[in-house]
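In what follows, chains carry the letters A, B, and so on, assigned in the order in which the sequence lines appear, proteins first and then strands, with residues in each chain numbered from 1. Only this structure's heavy atoms are used, side chains among them; waters, hydrogens and symmetry mates stay out.
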Amino acid sequence: MSPDLRTTYLGLPLSGPVIASAGPLTGRLEDLLRLEDAGAAAVVLPSLFEEEVIDEELLLDEHLEQGTNSYAESVDYFPVLPELELGAERHLRLLGEAKERLGIPVIASLNAVHPGSWERYAGEFVAAGADAVELNLYSMATDPTRDAATVEAGYLEVIAGVRKAVNVPLAVKLSPYLSSTAHFAAAAVATGVDGLVLFNRFYTPDLDLSTFGVAPRLELSTSADLRLPLRWIGVLRPQLPATSLAATSGVHAAEDVAKALLVGANVACMTSALIKKGPQHLRTVLDGLESWMEGSLYASVAEMRGSASAAGVADPGGFERAQYVRLLTDARRR
Amino acid sequence: MDGQWACLDGNEAAARVAYALSEVAAIYPITPASPMGEVADAWSTARRRNLWGGVPDVVEMQSEAGAAGVLHGAVTKGTLGVTFTASQGLLLMLPNMYKIAGELTPAVIHVAARTLATHALSIFGDHSDVMSARMTGWAMLCASSVQEAQDFALVAHSATLRSRIPFLHFFDGFRTSHEVDKIKLLSDDEMRALIRESDVRAHHDRGLTPDAPVLRGSAQNPDTFFQAREACNPFYQAVPGIVAEVFDELAAVTGRRYGLVEYHGAPDAERVVVLMGSGVGAAQETVDELTRRGERVGLVAVRLYRPFPSEAFLAALPPTVRAVAVLDRTKEPGAPAEPLHQDVLTALAEAGGPVPTLIGGRYGLSSKEFTPAMVKAVFDELASPGPRRRFTVGIVDDVTHLSLPVDPDFRIPTDAVAAVFFGLGADGTVGANKNSVKIIGEGTDGYAQGYFVYDSRKSGAVTVSHLRFGKQLIRSTYLVEPGAADFVAVHQFNLLEKMKVLELATSGATLLLNSPYPAGTVWDHLPVEVQQQIIDKGLRFFVIDAFRLAREVGLGSRINTIMQPCFFHLSGVLPEDEVVPQIKKAVEKSYGKRGRTVVERNLAAIDRAIAELEQVAVPDRVAGELHRMPPLPDHAPEFVRRVTAKMLAGEGDLLPVSALPVDGTWPTDTARWEKRAIALDLPIWDESICIDCGKCAITCPHTAIRIKVFTPDALDGAPEGFKSKKYNSRDLPGHLLSVQVAPDDCTGCGICVDVCPVRSKTEVKHKSLNLQPAIDHRDAERRSFDFFLDIPEIDRTAVRHDTVKGVSQLQPLFEFSGACSGCGETPYLKTLTQLFGDRMLIANATGCSSIYGGNLPTTPYARDAYGRGPTWSNSLFEDNAEFGLGLRLGWERQHNEARRLLDALRDRIGPLVDDLLRADQGGEAGVQAQRARVAALKEVLAGPEFADDRDAARLLMLADELVEKAVWIVGGDGWAYDIGYGGVDHVLSSGANVNLLVLDTEVYSNTGGQASKATPRGAAAKFAAAGKPGAKKDLGAIAQQYGTVYVAQIAIGANEQQAVRALLEAQAWPGPSLVIAYSTCIAHGIEMSTSMTHQKDAVGSGYWPLYRYRPSEDAEGHPFHLDSKQPNQKVTEFMAAETRFSMLSRSDPDRATMLADLAQADADERWRLYSQLAGLERTVPHSAVDPDPAEGTTNGHAPGADGPTALGSATTVTEDRP
């Protein structure tokens, strides 16, 4: 008998433990359908970045207004189009279409900037049919006058606001740079989130040597990047037994999924590997997972989940910082 | 909105009906009729249905001639056809109009009547275009208001079907076409009631079909033509009756009653004016006022002009009439009377019985204001014992003394509130005012009218909005008059210094000023003239710092939704509690499609506006030393001070006839006198890191960044702060270089900063040019620029003309044009004038380049210290290539004649003759040497031995033509790809030594962004609102096929050096040259401060490959030089960055993706083709035999042969100094 791959995430029953997380592949309906065919148990649509939406709207407005009502022969310069679909509408349309065409849960992701916007967009996601909302708490703490506690309090305020505004399951995608990850995770859960996604991969600035300009760049992950989520999921699983945990960053192969599940993840999220190898790679990973489970005598994902978390391993200290020290020490001995 | 009241302009009012009643619309853009075609195209794209449930086909043609041809074909097939046009467009339709009428085929042309170009082009309104169509056999119906433009559109479509006579429905360009008015919309049922299905069926059944074949359009001979031409008479005789019948039916369904001619006024009137068009409104008001005062006056408004309804006219005239004045809004030079006057005269004369005194006059040409005071002047003239038989009104004619005196103080009392708003195009004033008219017109039971006066400049353009609000129908078809405005809003503080904004205010009016200064301190910052008027007129004075508020809510410089609530709050035209909700509703409607952010920011502005308004306690006396700016410095030339200054001051209407040139010839070099100071930021030069590259100067669209190279002694007397640096050049050791901004001419577009390639080593954002607040630098830069101008220009032979660095040091003879800020066209023209300006003749097609090149009051083409410079003319839109060829042939004729005479006088003049005849003028040195020879020749010829010699006198007259001239034929893509293409092709095939520069913005920019055949696939443009489906025409490839044409494709922002090289090679090529120049435009939807660097992406993606095709006489020559590198990015990435493409992906993503994929394929294939062409061997084909080899005329002249076209011009451009 094949192992039972079913799991739950944010309270949603899923057919398997691998979901497609926010990225270019989840931005087109045809790719979403291919992902579902390949066995994705859920999809997270690309984040709606409020700043991007605002920029798009303002830039469009600026370009359409340029030179208008200035000269008698050319009162304007563009045709009147029926309806322009701007950033937010585009997201909502994709969400609506995905809900209509897909049988798996569709999770909407959000990064807002203004007070009230988080709640408003989350509400619109729910109205468009989102099965869950993932809050992409992405911000750079560059203000020297704001201490860590203030920053975290701000995050919690956002969570509380959205929790109050919508009644679908709520996930929070965490930054790996929190000073006190475990504390914040607990506080987030206490504020009402149903799941934590560990961790966000940030665009990082690069410098363009031809223009001397700052150019954002996102490198695709490798399996090595999985180690950070592994550590924290391993640590948090026993602390937050009722909370969904999703491993993201570095999930490329069946072995990566197995590790994530073992340390306590409900689901493993894939993006980079699917961009590199295509949606059908997800099927390969699931097949590999099944083989591994069979070889390791696991009958179900539920059985695996957390069996090697900090509570399950013989040496829980191995998840902590000391491990780094020992690694160096071992290296010297060699 | 069926059956509803609505606020719209005359164009939309007419087009709405035309669309509903048509199956095929053939369109072509022309001001002021373009919006009719635009809305028809937009509705068709949106699948809006006509009265029968079908979606009309709207097809853009290559010209109005083409549109008329399509119309002719469509109606000949039995479908319902329509077109829209004006002015020159109507002239191009005339041949087909004769045909359509001659074949008794129903059709309608809606005309926004506009001035025909004569001594000058004018985009404004009068009847000279429609009067040129009088002989075509089309019925002509004239609407005088926006309501009538709608209603008469229906009457025209109905009557043409009933009568079989095609109808020309016209209304006044701008005054009616662009006036926003409250009208009652016709419902579908009302339209249906007037369109009889039996007429539609009969029209259909007369259509050509092979199922019942007929022949139409035969050729007839003397035996039958005449009789056949008379056979149509009964149809014309029936037209007045049919139109009257349709008018009656319209009255029955709408309650709005019209007549063929309508009388208005005293039943026992003795004096009557006759006129048609928008002037009727002003005349009606005047008649009402004068009859109220007891005068026996009236007016006859002519509705049906052709066939002229004599009977109805005579019936309309009160029997008491003793004197009639007919007013014509046109001029027919040499005619015994103007057209309407002649018709009235004929009707009266043929009526039998006594003919009243009949006089006729012209008024309102080119939208000249026509006011009640002018109408009264006509009545006064009729009352005088010996009225002038011919007169003009509205101008001062001090030459032929035809003009009537007008009482400047005559006003019509009115309950309507009149408001004027002074703003800039960029601040949203006009848009807000259009909304205000709608708010009152559609949201209340009151009436509203809006009319908008725009600038003659496209950058920093001032707008004046004239609004009226009232409880009664508003008939005032003229601007708010001086002293008549109840409300004056000044949306830009600095306009107080430049314009007489308070002249229009009435006593006790309200003044609303957008002021950076609060109520407590603003007074001291006002010019004393403004203070005095505020005191004298007892104005209520309010200020608001709208720019600060706009910044705070994230609206940038757009202050419309801040000023608008203040207007409503202060004017009382809307109940106070409705102000904010109504404006918010309008904002939602206007900006809803632009996304939530834009709406929310505007709503936030509305919420804060009224609260921030402050009333100023007006002192009882003036204070301070600040005065309005004088329009011009005292040392400006006499003509500029006498004429141009008046126009700049907004007083051009006051110039008498004698002040103006009789033939349309104006001095060049006048833009330099107009100092507009519109830049908020100025580029400030850091000489310490400058590398002398010249990129800033060569790409500056406004010629506001200048470079001079000079010896150190030139710095004597330099003002403090004048900057210079060591010039790095082995050719000119010991010289200094200055980069100087013209602070009052710069628009602050930022292009120079964007293109500057050097950066500070310690702070990479700091370049050699950096934008800084103008307020901190303007005074110092003014002093520096004045000094800079006095530094002598470099010797033109001392610098290389084939490098960017060299060209940037040559004096530009095109400066400070009014083109859009960041214009992509003007750098090419400026560079041309730097290279060849002192010997250049320019034929300029109508379009942006003719507007910023030749629109008064000031023009940018300049002169050098010797008085030389480009001489410029615009013939038409459609004939520019031919016009330029004519200029070339004219010069060659003069040149050859001078050569012939030189030869004839060889023995008496001596060795100078051979020097003159054999001169190599291929470069600057050669040209200068020839000029020196010509000067010597003139001295010789002026000597006593030639005193009575006819040949010598003639040679003296022609001597300057011995110097090589550069003929450049300039225009946009609308000209070269579409309307003028036939001429372009012919001129290219002629072998003539002319140069064509196509400023390719890939769209009809000047008329507001309609698609041309240069528009790329996937771009959304007007007339291609769904994205242009077909690929751009490859004009360069077509031209190359001749084999004898020099062809180049350039993009100065991407590769300045290649552009300069191509322009030099084009000029040097002894046959025709075609240079296609990529011109970024605001119609592309890009950030215009990156207008030049953006071109790098156009080239880098393969969207716009750079090449030069120089025909080679070498059998193994490779004429095609591909100057671009292999594309390094996708065309689709380039497209995504421009709104013209990206807006389609927001309205129809699937179609956008499909078209983008095809556009990528276009580019890939074009690159593949060009790559292969680069390896192609080709030699110049043999040309036709010269018809007159002895004189070396141009036609068919083989390059390199002897004669004027080869005078040194076969010289290859090399890297050598010229």
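For B:S456, the part lying near chain A is the backbone, with the side chain staying farther off; criterion is any non-hydrogen pair under 4.5 Å. In this structure, chain A has heavy atoms under 4.5 Å from both the backbone and the side chain of B:A1025. Heavy atoms of B:I30 lying under 4.5 Å from chain A are absent altogether. Proximity to chain A (any heavy atom under 4.5 Å) is restricted, for B:R558, to the side chain, taken from C-beta onward. For chain A, the nearby part of B:N855 is the side chain; its heavy atoms alone come within less than 4.5 Å. Neither the backbone nor the side chain of B:E1138 comes within contact range of chain A; no heavy atoms are under 4.5 Å apart. The part of B:R457 that comes within reach of chain A is its backbone (N, CA, C, O), which places non-hydrogen atoms under 4.5 angstrom from that chain. The contact between B:K434 and chain A is made entirely by side chain atoms (from C-beta outward), counting heavy-atom distances below 4.5 Å. Heavy atoms of B:I123 lying under 4.5 Å from chain A belong exclusively to its side chain. For chain A, the nearby parts of B:V598 are the backbone and the side chain; heavy atoms of each come within less than 4.5 Å. With a threshold of 4.5 angstrom between heavy atoms, B:Y591 approaches chain A through side-chain atoms but not through N, CA, C or O. Heavy-atom distances place the backbone of B:A426, and not its side chain, under 4.5 Å from chain A. Of the two parts of B:S1142, neither the backbone nor the side chain holds a non-hydrogen atom closer than 4.5 Å to a non-hydrogen atom of chain A. For B:T1007, the parts lying under 4.5 angstrom from a heavy atom of chain A are both the backbone and the side chain.
Chosen from B:F174, B:Y1004, B:F452, B:F1023, the residue pairing most often with chain A at heavy-atom distances under 4.5 Å is B:F174. Chain A forms the most heavy-atom pairs under 4.5 Å with one residue out of B:K765, B:R601, B:R1140, and that residue is B:R601. Among the candidates B:L424, B:V39, B:V430, the residue making the largest number of heavy-atom pairs closer than 4.5 Å to chain A is B:V430. Here B:I1082 is the residue among B:L1144, B:I1082, B:V462 with the most heavy-atom pairs under 4.5 Å with chain A.
Heavy-atom contacts from other residues, nucleotides or ligands closer than 6.0 Å to CD of B:E763 number more than 12. Enclosure of atom NZ in A:K277 is not indicated, since only 12 or fewer non-hydrogen atoms of other residues, nucleotides or ligands lie within 6.0 angstrom.
Annotation: salt bridge (Lys or Arg N to Asp or Glu O under 4.0 Å) contacts involving residues 153-165 of chain A, sequence neighbours excluded, comprise A:R163-A:D194. Residue pairs meeting the salt bridge (Lys or Arg N to Asp or Glu O under 4.0 Å) criterion with at least one member in residues 30-46 of chain A, sequence neighbours excluded, are A:R28-A:E30, A:R28-A:D31, A:D31-A:R34.
Considering every non-hydrogen atom in both B:H1084 and A:F78, the closest pair reads C-CZ, 3.9 Å. Counting all heavy atoms, side chain and backbone alike, B:P1149 lies closest to A:E85 at CG-OE1, 4.0 Å.
Looking only at distances, a side-chain donor or acceptor of B:K1022 sits under 3.5 Å from a matching main-chain atom of A:D76. At least one donor-acceptor pair closer than 3.5 Å links the side chain of B:R759 to the backbone N or O of A:T211.
Among residues two or more places apart in sequence or in another chain, the ring pair (Phe, Tyr, Trp, His ring centres under 6.0 Å) test is passed with A:H252 by none.
Of all residues spanning residues 47-74 of chain A, those with a heavy atom less than 4.5 Å away from chain B's heavy atoms are A:I54, A:E56, A:E57, A:L58, A:L60, A:D61, A:E62, A:H63, A:L64, A:E65, A:Q66, A:G67, A:T68, A:N69, A:S70, A:Y71, A:A72, A:E73, A:S74, arranged by number.
A:L84 places none of its side-chain heavy atoms less than 4.5 Å from the side chain of B:R594.
Between the OH atom in A:Y121 and the CZ atom in B:R596 there is a gap of 4.5 Å [rounded to 0.5 Å].
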